[in-house]
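Just so it is clear, the values below take in all heavy atoms, side chains as well, and ignore hydrogens, waters and symmetry mates. Below, read A as the first sequence line, B as the second, and so on, with proteins coming before strands; counting in each chain starts at 1.
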2 protein chains.
Amino acid sequence: MANKIADLNRYIAKKGLKVTRQREAVAEVFFAEKGHISAEELYMKVAKSHPGIGLTTVYRTLKLLTEAGLAKERRFGEPQGVYEKEDEDRHHDHLICTRCGKIVEFKEPSIEEMQEDVARRYGFVVTDHKMELYGLCRTCSTA
Amino acid sequence: MANKIADLNRYIAKKGLKVTRQREAVAEVFFAEKGHISAEELYMKVAKSHPGIGLTTVYRTLKLLTEAGLAKERRFGEPQGVYEKEDEDRHHDHLICTRCGKIVEFKEPSIEEMQEDVARRYGFVVTDHKMELYGLCRTCSTA
DNA sequence: TTATCTGCAAACCCTTTGCATTTAA
DNA sequence: TTAAATGCAAAGGGTTTGCAGATAA
């Protein structure tokens with residue numbers, strides 16, 4: 001996490017931008033998140049520890065993090081975007097409960113191999129993918 | 001296609017709604033589409049053959065088609081939604097070229113089996129899924 | 001010093017809603 | 001006749017942008 005902030009600052013320096021307390025505050029809270037978070041949610045969390053930071057700045061910082069390759073914007077079928085950390089390690093996919101909204105992340109290398117396979121058949125070179133499985137989680141399907 | 005319109009009219013009748021020339025026009029153009037189309041694009045296509053139909057009506061008809069199970073709303077990482085026909089036959093997924101924007105639909109039953117498998121391991125019952133593979137199509141990767 | 005950053009408000013895009021009028025049944 | 005549908009304009013979310021003042025370098 002500390003190194004994530006360092007990565008960000010390195011990117012900022014390279015671009016001739018500035019390290020500000022707002023950017024550090026937003027990045028800190030963002031990197032402390034486990035899953036995905038919307039701009040609005042992040043804004044509210046940041047406000048607790050660093051009041052006075054505007055929603056606009058949160059949006060701008062998320063965009064910066066995305067450009068720096070440290071965050072990724074996603075959309076789970078809704079107009080509102082959410083952001084998640086762009087990890088160095090393997091790509092993950094999502095299981096989404098349509099009743100309670102719970103989102104579980106998972107990885108499945110064998111599926112990814114098949115994806116490459118399919119893409120090859122259509123002449124595509126895959127650079128990224130998204131897979132979302134919708135359904136009911138254990139709690140909701142037995143309730 | 002004619003039977004799709006019939007399906008829609010059946011749904012309309014069941015709900016005590018009305019068959020209007022606007023609804024028929026929008027549905028006709030929508031069902032004639034091969035892939036996905038945004039509300040705006042559909043509105044413009046409909047305008048060519050049936051001028052005077054409002055964008056609002058297009059949105060309302062798309063919502064109706066979705067309720068009737070004849071259309072499905074999707075979002076490919078952008079705020080703007082697109083609609084596609086909800087076919088009776090197998091679910092399909094998408095290959096998306098990040099350079100030229102081309103979208104190819106494909107089906108891969110073996111991947112779907114694996115998805116069920118993964119979900120089961122997490123206690124989920126899958127009702128739907130989305131899979132999008134991003135990359136370069138043949139034309140773009142060799143250009 | 002000075003180019004970047006901030007917060008606010010206003011603008012923006014996409015979609016939905018309120019309302020008076022029209023229309024299918 | 002009458003409940004539903006239409007088109008317009010206005011409102012609604014979520015996100016971006018213009019700008020004057022604040023701030024890191």
Atom NE2 of A/His92 and atom CD of A/Glu112: how far apart are they, to the nearest 0.5 Å? 11.0 Å

Between the side chains of B/Ser38 and B/Glu40, does any donor sit under 3.5 Å from an acceptor? no

How far does NE2 of A/His129 sit from CG of B/Leu95, to the nearest 0.5 angstrom? 12.5 Å

Transitive ILVMFWY side-chain link B/Tyr43 to B/Leu64, under 4.5 Å: yes

Only pairs under 3.5 Å count here: list side-chain donor-acceptor contacts from residues 65-78 of chain A, not counting sequence neighbours, and write none if there are none.
unit_1, atom_1, unit_2, atom_2, d
A/Thr66, OG1, A/Leu62, O, 2.7
A/Lys72, NZ, A/Asp128, OD1, 3.4
A/Lys72, NZ, A/Asp128, OD2, 2.7
A/Glu73, OE2, A/Arg75, NH2, 2.9
A/Arg74, NE, A/Glu84, OE2, 3.3
A/Arg74, NH1, A/Glu132, OE2, 3.4
A/Arg75, NH1, A/Pro79, O, 2.6

Expressed as a whole number of angstroms, how long is the span from B/Tyr83:OH to C/dC14:P? 13 Å

When you measure only distances, ignoring hydrogens and angles, does the side chain of A/Arg60 come within 3.5 Å of the base of C/dG7 through a donor and an acceptor? yes

Kindly say whether B/Ile53 contributes a backbone atom to a donor-acceptor pair with the side chain of B/Thr57 at under 3.5 angstrom? no

Any protein N or O atoms within reach of nucleotides 22-25 of chain D? Criterion: under 3.5 Å, listing atom names and distances.
unit_1, atom_1, unit_2, atom_2, d
D/dA24, O3', A/Val19, O, 3.3
D/dA24, N3, A/Lys18, NZ, 3.0
D/dA25, OP1, A/Val19, N, 3.2

Closest-nucleotide 5' rank along DNA chain D - winner of A/Pro79 and B/Gln22: B/Gln22

Could you identify which residues of residues 41-51 of chain A place a heavy atom less than 4.0 Å from some atom of DNA chain D, listed by residue number, or say none? none

Test B/Lys130 against A/Tyr134 for side-chain contact (heavy atoms from CB on, under 4.5 Å), laying out the working first. CA-CA 8 Å; B/Lys130 283 183 199 164; A/Tyr134 295 87; 3.5 Å; yes

On DNA chain C, nearest-nucleotide positions of A/Gly54 versus A/Gly16: which is more 5'? A/Gly16

On DNA chain C, check which nucleotide each of B/Glu73 and A/Thr56 is closest to and give me the residue with the more 5' one. A/Thr56

In whole angstroms, the gap separating P of D/dA4 from CG of B/Leu64 amounts to 14 Å

Is a salt bridge present between A/Glu116 and A/Arg121, judged by a nitrogen-to-oxygen distance below 4.0 Å? no

What's the CD-C1' distance between A/Gln80 and C/dT15, to the nearest Å? 15 Å

OP1 or OP2 of D/dT15 versus the side-chain N and O atoms of A/Tyr59: is any pair under 4.0 Å? yes

Could you state the CD-P distance from A/Glu40 to D/dT16, rounded to the nearest angstrom? 13 Å

Could you state the CG-C1' distance from A/Leu55 to D/dT15, rounded to the nearest angstrom? 8 Å

B/Lys63 NZ - C/dT15 C1' separation (whole Å): 8 Å

In whole angstrom, give the distance that lies between atom CD of B/Glu24 and atom C1' of D/dA4. 16 Å

Pair B/Asp7 + B/Lys4: basic N to acidic O under 4.0 Å: no

Could you tell me how far apart B/Asn9 (CG) and D/dA4 (P) are, to the nearest whole angstrom? 18 Å

